[in-house]
Novice: 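Provided herewith is a single structure, encoded as structure tokens, for subsequent inquiry.
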Amino acid sequence: MAKQGLEVKFKFYDELLTQCVSQRALREGQWVHAHMIKTHYEPPVYLRTRLIVLYVKCECLSDARYVFDEMPERNVVSWTAMISGYARMGHSSEALNLFVQMIRSGAEPNEFTFATVLTCCTGAFGFCLGWQIHSLLVKHPFESHVFVGSSLLDMYAKAGRIQEARDIFEALPEKDVVSCTAIISGYAQQGLDEKALELFRRLRMEGMNFNYVTYVGILTALSGLAALEHGRQVHSHVLRLKLPFYVVLQNSLIDMYSKCGNLAYSRRIFDNMSERTIISWNAMLVGYSRHGLGKEVVELFELLKAEITTRPNSVTLLAVLSGCSHGGMEHRGLKIFDEMLNEEDGVELGIEHYACVVDLLGRSGQVERALQFINQMPFKPNAAIWGSLLGACRFHQNTNVGKIAGNSLLDIEPENAGNYVVLANLYASAGKWEELRRVRELMKEKAVVKVPGKSWIEVEQTLHTFHASDNSHPRKEEIFQKVRELSARIKGAGYVPDMGCVLHDVDEEQKEKMLLGHSEKLALAFGLIAEPQGKPIRVIKNLRICVDCHNFAKFVSQVYKREVSLRDKARFHRIVGGKCSCGDYW
DNA sequence: CTAGGGTTAG
């Protein structure tokens, strides 16, 4: 009789808690919980599990953990709910810890557990564990489960093992939006933008229905490619879908237009947003910064500071400082840094922010002060810091400090060929031939060309890619012919090839030939052939633009009266009438 | 009862 009464009571609690869970009613749930404690009966496992689920969904992790720890025995659901609680709050190591405990306790994880725990396996350590979890998985029939499979392939993709991710994807017996999005975004996040685009098109042809997360992924790929025409097409497609308002998607669109060179579109989207996150602001600020629009950066930053609901974060400050630097507003940037340094609850300053200050000081010609600043800052200088100082020394022709910066840089990154080029440029322009010879030898000895330079241009929604001295393009003869024609004509206007940009030991004639083969020039020449009169030429390069190619483009813009927009790894160079928006400092 | 994919910076 008493036992039956208890069961009825528990059934009643169960119904109450189920309602609380579905309505995320934390207060009511807590009340039920308190009532249960007061009755002094031992609640069964399923009731305790419900409580954990409720607390996890309401993000009360400590309450959930309390109930979990008090359980006399645990079922898979309580383990999984608890792990998922840590996972969704971003506490990956706690989630992984709990999973290990679960295995040790002899509990059998199910497909829910695996799908959850694999999302925590990022980073080097996480991947180590994830790899072991994968081998554990093979014993269960879960590997080809869509949820587990997409979580698993995402883990491999984020670890940079994209081929393994692809294999898991292909092996899935059923593919859905999420697994497709995971692999497409995986390619995009690894910078394999063309692969992402190719797969996206194939899956779409096969009839897959994508959602807004997939579009975010594909926009990332299009941003990387700076494929403006493609991007506009995806945008109009997204509009036709009449999706509800998703901030993340809008943020992606802002970034895509800015990386494709169309800031006006970015701003229009930004202005029309009904709600913005800090990422929306950052994307817009970075856009202005990338285009060298210092004034716009500072104006927008002032608007942001007037907002009460959105606080700047470390990325914001990075965008603002580098915006001041790219926009030639050194004093303003230094002032903002000092303000942040003194602000009580300001953003936390990292070494990247200090690198921006080195850049600001260097640009304004205060190379010695920059060196002093480096020696006093609370971080051990890294390659970015020395690289920035070296760049400043090259621009301001300071060989003394340049030597210090260059040698420190070569100590840290002896394999990076680009570093030798900048140092050699400095020595060459200062006439230090002995030092120049030494740098060349060092480079031959130690440098490894990790990322080959390439440039591309989008013409009528097709991307044309060029490597140095590339002769794979079907219209290569025409292109080489055009480059020679350009060179001859701009020489008449004063262009002198910058042989300092060639570090190979070859004769002068050979050097000039190598310079003319640079991928930027090939893409530029092709643009002039293939694009209609008057249309700006938009060239994209995967690395920093070379000094000679920059100069070459300036002369072409002047002699041919053509706007040239060049996006390199760091920023845009908008070149009109022989002048570049970067002010020749980059 | 418990589950997977997403945006800025470097």
Novice: Classify the nucleic acid contact of A:V177 as base, sugar-phosphate or nothing, counting any heavy atom under 4.0 Å across all strands shown.
Specialist: base

Novice: Any base atoms under 4.0 Å from A:S179, or only sugar-phosphate, or nothing? Heavy atoms, all strands.
Specialist: base

Novice: Mind checking A:T49 for me? I need base, sugar-phosphate or nothing, with any heavy atom below 4.0 Å counting as a touch.
Specialist: base

Novice: At 4.0 Å (heavy atoms only), tell me whether A:Y212 reaches a base, stays on the sugar-phosphate, or touches nothing.
Specialist: base

Novice: Mind telling me whether A:Y86 and A:H91 have parallel, tilted or perpendicular rings, with 30° and 60° as the class edges?
Specialist: perpendicular

Novice: Under 4.0 Å, counting only non-hydrogen atoms across every strand here, what does A:V146 touch: a base, just sugar-phosphate, or nothing?
Specialist: base

Novice: Below 30° counts as parallel, above 60° as perpendicular, anything between as tilted: where do the rings of A:Y13 and A:F10 land?
Specialist: tilted

Novice: Is A:S388 reaching over with its side chain to a backbone N or O of A:A384, donor-acceptor style, under 3.5 angstrom?
Specialist: no

Novice: Give one of base, sugar-phosphate or nothing for A:T316, where a contact means two heavy atoms less than 4.0 Å apart.
Specialist: nothing

Novice: Across the strands shown, which category fits A:N110 at heavy-atom distances under 4.0 angstrom: base, sugar-phosphate, nothing?
Specialist: base

Novice: Answer with yes or no after comparing the ring centroid distance for A:Y288 and A:H326 against a 6.0 Å cut-off, counting only values under it.
Specialist: no

Novice: Which part of the nucleic acid does A:V216 contact within heavy-atom distance under 4.0 Å: base, sugar-phosphate only, or nothing?
Specialist: sugar-phosphate

Novice: Base, sugar-phosphate, or nothing for A:R276, non-hydrogen atoms under 4.0 angstrom?
Specialist: nothing

Novice: For A:R48, answer base if it contacts any base atom (sugar-phosphate contacts may also be present), sugar-phosphate if it contacts only those atoms, and nothing otherwise; contact means non-hydrogen atoms under 4.0 Å.
Specialist: nothing

Novice: Under 4.0 angstrom, heavy atoms only, what part of the nucleic acid is A:K569 near: base, sugar-phosphate, or nothing?
Specialist: nothing

Novice: Heavy atoms only, 4.0 Å cut-off, all strands: where does A:K175 land among base, sugar-phosphate and nothing?
Specialist: nothing

Novice: Determine yes or no for a side-chain-to-main-chain donor-acceptor pair under 3.5 angstrom, with A:T181 supplying the side chain and A:V177 the backbone.
Specialist: yes

Novice: Looking at A:F68, does the NZ or CZ of A:R48 lie under 6.0 angstrom from its six-membered ring centre and within 45 degrees of the ring axis?
Specialist: no

Novice: Looking at residues at least two apart in the chain, or sitting in another chain, which of them share a salt bridge (Lys or Arg N to Asp or Glu O under 4.0 Å) with A:E307?
Specialist: none

Novice: Please identify the 5'-most and 3'-most nucleotides of DNA chain B with any atom under 4.0 angstrom from a heavy atom of chain A.
Specialist: B:dC1 to B:dA9

